[in-house]
Number of protein chains: 2
Amino acid sequence: METASALRVKGRPREFCVDQALAAALGVFWAKGYEGASMADLTEAMGITKPSLYAAFGNKEALFHKALDLYEAEKLEYTRAALEQPTARKVAEHFMRGAIDAQMSSCDPKGCLGVISMTACGAEAESIKADVIKRRASSQAALVERFEQAKRDGDLPMHVDIAGLTSFLYALLQGMAVQAGSGATRADLERVVDTSMQLWPSR
Amino acid sequence: METASALRVKGRPREFCVDQALAAALGVFWAKGYEGASMADLTEAMGITKPSLYAAFGNKEALFHKALDLYEAEKLEYTRAALEQPTARKVAEHFMRGAIDAQMSSCDPKGCLGVISMTACGAEAESIKADVIKRRASSQAALVERFEQAKRDGDLPMHVDIAGLTSFLYALLQGMAVQAGSGATRADLERVVDTSMQLWPSR
DNA sequence: AGCCTTATATACCAGTCGTTATGGAAACTG
DNA sequence: CAGTTTCCATAACGACTGGTATATAAGGCT
């Protein structure tokens with residue numbers, strides 16, 4: 001409908017940076033979950049008032065979905081790199097080490113936004129939960145595909161159940177996220193990864 | 001102070017069963033988390049009014065702690081049986097199969113109350129979180145001790161890192177709880193357990 | 001009987017939730 | 001300059017939050 005409207009600003013320009021405000025909102029959601037983050041928390045962290053927030057992002061739920069987009073694009077970028085590793089073993093290790101970096105960053109909240117948003121489910125957040133589930137399903141499907149390729153490549157034994165191995169790896173990642181959110185240290189999580197890699201099949 | 005006061009009921013007797021009401025409260029907390037469960041939800045499910053609830057249980061937080069006691073005693077009883085299994089392998093398998101039964105029961109909410117309560121953390125629930133973390137730490141310590149015994153018994157290789165293996169198993173349990181709470185089927189979780197048992201060291 | 005103690009039921013408290021109407025200020029176009 | 005459009009700020013909305021005050025009802029004790 002509109003052609004390159006970057007220049008066509010008619011009225012008064014907004015006084016804040018949308019991307020920057022969204023990043024601040026992501027931080028709040030990440031730290032407190034969807035329902036735990038109040039509009040007051042959000043507006044304070046974003047440095048804007050409530051009407052500005054509603055004008056720029058719609059409402060709380062729309063803001064969350066956009067924050068989730070940002071989270072996937074920025075903090076979950078490592079999963080894309082993981083799928084490009086040469087062997088199934090390296091794929092799994094990249095997933096887990098990357099998860100540690102993402103979940104234990106000193107400047108970000110601990111844990112995984114997806115896990116936090118999915119478990120904290122008070123009826124109103126049902127659509128939030130559904131969104132997170134859908135995103136994770138597509139991500140998991142990509143991992144299944146990668147492991148099937150690994151089996152064809154011969155770096156994964158023929159007898160392993162791919163769906164099982166994928167869910168197993170995801171369970172580990174989610175469990176690590178839970179532990180990251182409840183006081184585990186980076187060394188704790190690294191021990192989990194080391195143990196997992198020692199047990200990994202193709203070795 | 002008081003000696004067997006079961007008979008000494010002075011005033012009007014209460015019209016509901018405390019244990020039954022607590023069980024109903026547990027169901028609500030389990031399904032919606034601590035913060036997601038409102039007093040209206042609780043009183044409705046328990047079949048009592050708010051003043052009765054406050055008189056019998058103190059407040060929402062005290063009610064939650066008592067519900068957590070009940071949860072540990074009833075739904076987490078399988079962990080005690082698991083520790084008594086003859087080998088480390090059987091201990092781990094009993095833990096995981098028991099977790100499936102507890103998290104996928106057709107008459108109870110899906111997932112693990114501990115995981116749900118720990119991840120949903122909105123400031124006010126900080127003491128809730130601390131309680132859950134403490135309980136899990138003691139449970140985890142018991143598993144460490146059991147695995148050290150297994151190493152002495154020779155059914156666990158000498159080179160394995162016990163702390164790592166324990167956190168690894170707990171991560172799997174917590175990850176399965178996350179998946180149980182987000183639409184996974186019993187077959188999905190059983191695939192995770194089968195995969196885990198195929199990778200388990202001492203085999 | 002009457003008293004005493006406790007439970008129940010209704011109504012209410014102050015505070016917060018997400019959301020929005022209102023009024024004025026700021027910047028662009030003509 | 002006026003006109004228009006959009007922004008920001010204050011304040012308010014009804015609904016709901018956890019928690020209580022008050023009044024009435026129901027049992028045991030003497």
Side-chain angles (χ1 to χ4, degrees), chain A residues 2 4-22 24-25 28-29 32-67 117 120-128, chain B residues 2 4-22 24-25 28-29 32-67 117 120-128:
Chain A
E2 298 170 358
S5 60
L7 305 174
R8 295 294 306 267
V9 284
K10 283 218 184 167
R12 171 180 174 181
R14 62 162 53 93
E15 296 178 352
F16 63 94
C17 168
V18 176
D19 293 343
Q20 190 171 320
L22 185 57
V28 178
F29 282 130
K32 317 185 109 177
Y34 175 70
E35 312 210 57
S38 70
M39 296 304 291
D41 294 330
L42 291 165
T43 51
E44 187 189 5
M46 300 166 81
I48 64 177
T49 60
K50 281 194 269 187
S52 298
L53 190 156
Y54 277 85
F57 300 101
N59 60 9
K60 187 184 179 184
E61 183 173 336
L63 174 63
F64 180 84
H65 289 295
K66 283 169 187 165
S117 308
C121 47
E124 53 170 311
E126 210 61 39
S127 107
I128 300 294
Chain B
E2 299 171 359
S5 58
L7 305 174
R8 297 290 306 270
V9 284
K10 284 211 175 174
R12 171 180 176 179
R14 64 162 50 95
E15 297 177 353
F16 64 95
C17 168
V18 176
D19 293 343
Q20 191 171 322
L22 184 58
V28 178
F29 282 130
K32 316 184 109 178
Y34 175 70
E35 312 209 58
S38 71
M39 296 303 293
D41 295 330
L42 291 165
T43 53
E44 187 189 5
M46 300 165 82
I48 63 178
T49 59
K50 276 195 277 187
S52 298
L53 190 156
Y54 276 85
F57 300 101
N59 60 10
K60 187 184 179 183
E61 183 173 338
L63 175 63
F64 180 83
H65 289 297
K66 283 168 186 164
S117 308
C121 48
E124 54 171 311
E126 210 60 40
S127 107
I128 301 294

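Residue numbers begin at 1 in each chain, while the letters A, B, ... track the order of the sequences.
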Spatial distance of atom [atom1] ([X]) from atom [atom2] ([Y]) [nearest 0.5 Å]:
X	Y	atom1	atom2	result
A:L63	A:L22	CG	CG	6.5 Å
A:Y54	A:I48	OH	CD1	11.0 Å
A:S127	A:Y34	OG	OH	7.0 Å

Rounded to the nearest Å, what distance is computed from the [atom1] atom of residue [X] to the [atom2] atom of nucleotide [N]?
X	N	atom1	atom2	answer
A:F64	C:dG18	CZ	C1'	16 Å
B:M39	C:dT10	CE	P	17 Å
B:R14	D:dA26	CZ	C1'	14 Å
B:L42	D:dT17	CG	C1'	12 Å

Taking it one step at a time, do B:M46 and B:F16 satisfy side chain to side chain contact (heavy atoms under 4.5 Å, CB included)?
CA-CA 9 Å; B:M46 300 165 82; B:F16 64 95; over 6 Å; no
Let me spell it out: for each of B:Y34 and A:I48, pick the nucleotide of DNA chain D with the closest heavy atom. Which residue's pick is nearer the 5' end?
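Nearest nucleotide further toward 5': that of A:I48.
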Let me know, please, whether A:T49 or B:A40 comes out on the 5' side of the other along DNA chain D by nearest nucleotide.
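That would be A:T49.
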Taking 4.0 Å as the cut-off, does a side-chain nitrogen or oxygen of B:S38 come that near to OP1 or OP2 on D:dT17?
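Affirmative; the distance criterion is met.
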Phosphate-side-chain proximity, A:S52 and D:dC8, N/O vs OP1/OP2 below 4.0 Å
yes
Each nucleotide N or O in nucleotides 20-27 of chain C that has a protein N or O under 3.5 Å away: list the pair and distance.
unit_1 : atom_1 : unit_2 : atom_2 : d
C:dA25 : N3     : A:R12  : NH1    : 3.1
C:dA26 : O4'    : A:R12  : NH1    : 3.4

Give me each pair satisfying salt bridge (charged side-chain N to carboxylate O under 4.0 Å, His left out) with a member in residues 40-55 of chain B, each pair once, sequence neighbours excluded.
B:K32-B:D41
Considering only side-chain heavy atoms of A:K60, which listed nucleotide, C:dG18, D:dA9, C:dT8, is closest?
C:dG18
Within 45° cone of A:F29 ring axis and under 6.0 Å: A:K60 NZ or CZ:
no
Look at all strands and tell whether A:A37 reaches a base, only sugar-phosphate, or nothing, counting heavy atoms closer than 4.0 Å.
sugar-phosphate
